[in-house]
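Whatever order the structure lists them in is the order used to number ligands and atoms, beginning at 1.
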Amino acid sequence: MDLRALPSVDRLLAQADALVAAHGRALATQALRAELAAIRQDRPHPLPDAGAILKAAARALDAAARSALRPVLNLTGTVLHTNLGRAVLADHAIAAALDAMRAPAALEFDLGSGGRGERDSHLRGLLCELTGAEDATVVNNNAAAVLIVLNTLARGREAVLSRGELIEIGGAFRMPAIMEQAGCTLREVGTTNRTHPRDYREAIGPDTALLMKVHTSNYRIEGFTAEVPAPDLARIAHDAGLPLVNDLGSGTLVDLRSWGLAPEPTVAEAVAEGADVVTFSGDKLLGGPQAGFIVGRRDIIAAINKNPLKRALRLDKIRIAATEATLRLYRDPDTLAERLPTLRLLSRPEAEIRAQAERLAPQVAQALGCAAAVVPCASQIGSGALPTDTIPSAGLALTPAPEALAARLRSLKTPIIGRIHDGALILDLRCLPDDAALLNALA
Ligand SMILES: *Cc1c(COP(=O)(O)O)cnc(C)c1O
């Protein structure tokens, strides 16, 4: 075999206008050199011609140009999948974020007076209106919200929390670790399954800074249990002149029962029950971008805003714009499920999803050359919300060789993420935007 028959890089480049236009001269040259080097090493027979080398270089460059952080089809059945980026944003929120990205925005500029404005002012009014709280502020995520609340109110002192609420939220968020980072001492009271009012009362001493309640969103303690309801806990705290902090986690702003879902405590309820501070996430049930909301007593919010950590944990204009647009949707509950993807997906009727599965089964089977059976599914809200309440759904069970099928679907240009269960690859169709999205991904 005569490797001298291979075209030179310069000759290839002369025919590589499309490649250069798409990726630039430097990357195109590099890719062609790499192809030639691989051919010299592997000595394939027959040697590829210039056209084949250009095509191989284009494939390599296209693959390298594709971000690993790219859109996927979430057919896991978990609507708010933390590893897949949690909430999908509403069109209104996307449009607001784009506007904020394209041009300067009056982020900390008061258009009325022409003087300096406040970053949080864009969200404060809406948060107060939707939660009934006196005041509100916002930080990077709910973990940050808990951190700054504890650091502001309890640094060098004690925070009292029931042993039944010492949660871990996955990743590194564990309540005891957050307390340590916030500089406060965790004072555990009660037992895993039962905590009584007297447990809190007896724990309160000169070093106590606050009582804390954490919504045990991602697990449930059942059987012989007792917890102190928030209104009673608020009374115990206030009798001792202390604030009650309630970390709701996936706090929702609406009564989910209106959309046929199991109830989650709303932020307004937590405020009305007497908590002095309530924290919750922006990208869980609320359906917005990642953010951590802190609502509650005006003097406490003012102290939090003065904490130097606030500057380190603040939101940028893009997320403030998207968050504001998301919160605005809540002012009209009648159109909320239409406009907010999280609620729209959570409330999709099972019958509609099953009909979609029946429509798609033959086409998916044909595209993949496998068997596709319509099966009932149990979707989850995800992100720790209502872990034991599943939502009836439907999907496709693909067989045989589910592991190999799963790998193949992950390698598509728009990867399809399912879940392996009982020897089949299950695609829960609850979060499929429309039939075409799946068929195009498979094409
Ligand atoms: C999810 C959750 C958190 C952490 O919120 P992030 O927005 O993920 O930072 C904290 N507390 C509770 C109770 C949660 O459910």
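Residue-level proximity to ligand 1 for Arg86 is carried by the side chain, the only part with a heavy atom below 4.0 angstrom. If you look at Gln290 next to ligand 1, there are no close heavy atoms at all, none under 4.0 Å.
Remark: ligand 1 atoms within the under-4.0 Å shell around heavy atoms of Ala143 are 4 (C), 5 (O), 6 (P), 9 (O). In summary, the atoms of ligand 1 found under 4.0 Å from a heavy atom of Ser281, numbered by their order in the structure, are 5 (O), 6 (P), 7 (O). Counting atoms of ligand 1 from 1 in the listed order, those under 4.0 Å from a heavy atom of His215 are 13 (C).
Heavy-atom separations between Lys284 and ligand 1 include at least one value shorter than 4.0 Å.
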Salt bridge (charged side-chain N to carboxylate O under 4.0 Å, His left out) evaluation trace for Asp232 with Arg235: CA-CA 5 Å; Asp232 299 351; Arg235 218 167 296 124; 3.4 Å; yes

Thr335/Asp332 under side chain to side chain donor-acceptor pair (under 3.5 Å): CA gap, chis, key distance, verdict: CA-CA 6 Å; Thr335 54; Asp332 181 9; 2.9 Å; yes

Pair Ser162-Glu227, side chain to side chain donor-acceptor pair (under 3.5 Å): steps then yes or no: CA-CA 8 Å; Ser162 161; Glu227 67 169 316; over 6 Å; no

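Considering every non-hydrogen atom in both Ala270 and Asn246, the closest pair reads CB-ND2, 3.9 Å. Annotation for Asn142 and Phe280: closest pair OD1-N, 3.2 Å, computed over non-hydrogen atoms.
Partner of Ile178 under the side-chain contact (heavy atoms from CB on, under 4.5 Å) criterion, chosen from Val149, Asp247, Leu150: Leu150.
Any N or O atom pair closer than 3.5 Å counts here, and Asp283 shares no such pair with ligand 1. Among the atoms of Val146, none of the N or O lies under 3.5 angstrom from an N or O of ligand 1.
Selection from Val139, Val214, Ile178, Asn142 by nearest heavy atom to atom 10 (C) of ligand 1 gives Asn142.
The environment of CG in Asp91 is sparse: at most 12 heavy-atom neighbours from other residues, nucleotides or ligands sit within 6.0 Å.
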